[in-house]
Amino acid sequence: MKTLWHHCHAATLAHGGYSIIEDAAIVTRGGLIDWIGPLCDLPQTGIDQRVDLEGAWVTPGLIDCHTHAVFGGNRSGEFEQRLQGASYAEIAARGGGIASTVRATRAASEDQLFASALQRVQALMRDGVTTLEIKSGYGLDLASERKMLRVIRRLGEALPLTVRSTCLAAHALPAEYAGRADDYIAHVCEQMLPALANEGLMDAVDAFCEHLAFSPEQVERVFITARELGLPVKLHAEQLSPLHGSSLAARYQALSADHLEFMTEEDAIAMAEAGTVAVLLPGAFHCLRETRLPPLDILRRHGVKIALASDLNPGTSPGLSLRLMLNLGCTLFRLTPEEALAGVTLHAAMALGLGASHGSLEPGKVADFVAWRIERPAELAYWLGGELPRRVIRGGDEWSEA
Ligand code: DI6
Ligand code: FE
C-alpha cells in the first residue's frame, strides 16, 4: 500500500541543515519512506491513498536521545531547597539527590513505575517525539535495575514509539556500598551487566563520570565490560568538572558524550575523530542555574555532531517538552534553530546508533515524521512549550491520542 502525503513543505535534514523542499510530496510504503521530493517531480505510479497535509511543514519525528523517564517519586522538595541556597552537591552529600530517587524507585512496583513513566512519555509524544532513549540508574541493584529496564521495554511495546534502553547502573554509589565504589563497580561489571545483557534488556551502557559519581578509571572498567558484551557505550561527562570523560568515551567509540559544559578542545578533537556525538542538555543547565556554557564554537570548529535532549529526570531536569529544550538550546547555548532541529532529529538518531534508519526524511528510512501547522521551521524553537497543532506519523501510520 502506497500513501502519498502532499500539500506540504519539508525540512528533511537529509543533506546538512534544514534541507528544505518546498511544495513537497512524500510517498510511504510498508512503514518506510519510498520517495520524497518536490511534488512536481512525483512519479505518478501506483498511489493507493492520498493525504492532504494542508500546507503543513513536515520534519522528521523528534528524537529525545537522553532521558531518565522512569523513576519513583519526584524531587520538588529539593527544588525548593536549591532555591534557598543549597547546592546539588550538598543535597547529594546529605543523602538526597539521586539517592532519594533510588529509595523511591526501589520501593515502587513495576506497574507503578510503568504508570508514572507513561504519563511523562505521553507528554513528550505530544511534542512530536517518535523515538526516545530511556536510562535505568535509579535501581542500583540487580533486581531494581532489571525492574526499571523491564518498564522501559514495556513502554516501547505499549506505545507507538521506538524506545532505546540504556543501562546506567554506574549512575551513583548505592548506600549499601558507601566507601566501596570499586567494589560496586566490580559488582556492576561481573554480575549486573552480564545478567541484564543476557536478558536482552539493554541496547547501550552509560555511566556518570564525575567527582560525586565515578572516576574515569571506574568508568573505563564499565566500558571494557560493555565491549566484552558487545554493547555500545555513552557517558555523562564534564557536567560539573573537567575529568576528560568525553575523551575516554571517544577512546571507546562511544555513541555520545553528554552534558560537556567543562570539556576542552582536546576532548572535542577526540570526539570528532571517533564520531562521538555531543549531546547538550540545556534543561539541566537551566535548572541547576549553571553558568559555564558548553563550548559550542569548539564543537563546531572540529565538526562534532551536536544533539539536544531533555535529560528528563526528577533531579536536574524535570523537562516534559523537547520543544522547550529547542528554545533553551538556542537562548542559553546559542544554537541556531536549525542546529537545534538537527539536534533532535538526525544527530539525536546518531547518538542512539540509529543514524542509518532514523532522523531524516530520506528514501529507505522509517516513515516517522511530524506535520506541523507553523509558518517556518524556526517556529519549533520559538514557542516556550505549549502544544502546537501537528499530526504525528509513525512508521507510516498516523498517531492519534486515545
Ligand atoms: N546527570 C544528570 O543530569 C542526571 N543524572 C546524571 O548523571 C541527574 C540525575 C538526578 O539528579 O536524579
Ligand atoms: Fe542524564
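Scope of the values below: all heavy atoms of this structure, side chains included, with no hydrogens, waters or symmetry mates. Indexing begins at 1, ligand by ligand and atom by atom, following the structure's order. The structure displayed is predicted, hence computed values, not measured ones. We count residues from 1, following the sequence as given.
Those atoms of ligand 1 with a heavy atom of Y88 less than 4.0 angstrom away are 8 (C), 9 (C), 10 (C), 11 (O). Using a 4.0 Å cut-off to heavy atoms of H68, the atoms of ligand 1 that qualify are 4 (C), 5 (N). Those atoms of ligand 1 with a heavy atom of R75 less than 4.0 angstrom away are 10 (C), 11 (O), 12 (O). Ligand-side atoms of ligand 1 in range of H259: 1 (N), 2 (C), 3 (O), range being under 4.0 angstrom from any heavy atom. Close approach of ligand 1 to D311 is summarised as follows: ligand atoms under 4.0 Å from at least one heavy atom of the residue are 2 (C), 3 (O). Within the listing of ligand 1, atoms 11 (O), 12 (O) sit less than 4.0 angstrom from a heavy atom of G315.
Between S109 and D111, the side chains place no donor N or O within less than 3.5 Å of an acceptor N or O (distance only, hydrogens not considered). In this model, a donor atom of one side chain and an acceptor atom of the other lie less than 3.5 Å apart for S241 and E210. For the 3.5 Å distance criterion, the side chains of S165 and D203 fail to qualify, holding no donor opposite an acceptor.
The side-chain tip of R120 points at the ring of F71 from less than 6.0 angstrom away and within 45° of straight on. For the pair R82 and F79, the NZ or CZ position fails the cation-pi test of under 6.0 Å to the six-membered ring centre and within 45 degrees of the ring normal.
Heavy atoms of Q239 found under 4.0 angstrom from ligand 1 belong exclusively to the side chain.
Protein heavy atom in closest approach to atom 5 (N) of ligand 1: H171 NE2, 2.8 Å. Protein heavy atom closest to atom 4 (C) of ligand 1, with residue, atom name and distance, is N313 ND2, 3.7 Å.
Ligand 1 is approached by Y138 to a heavy-atom distance shorter than 4.0 Å.
When distances to the Fe ion (ligand 2) are checked against a cut-off of 2.8 Å, D311 contributes an N, O or S atom below that limit. In summary, an N, O or S atom of H68 is located under 2.8 Å from the Fe ion (ligand 2).
Note: angle at the Fe ion (ligand 2), from NE2 of H66 to NE2 of H236, is 90° (rounded to 10 degrees).
No more than 12 heavy-atom neighbours from other residues, nucleotides or ligands sit within 6.0 angstrom of CZ on R29. The environment of Y177 atom OH is dense: over 12 non-hydrogen atoms of other residues, nucleotides or ligands sit within 6.0 angstrom.
A side-chain contact (heavy atoms from CB on, under 4.5 Å) with P60 holds for exactly one of L346, T345, V344; it is T345. For the side-chain contact (heavy atoms from CB on, under 4.5 Å) test with V121, the passing option among L312, L132, I152, V129 is L132; the others fail.
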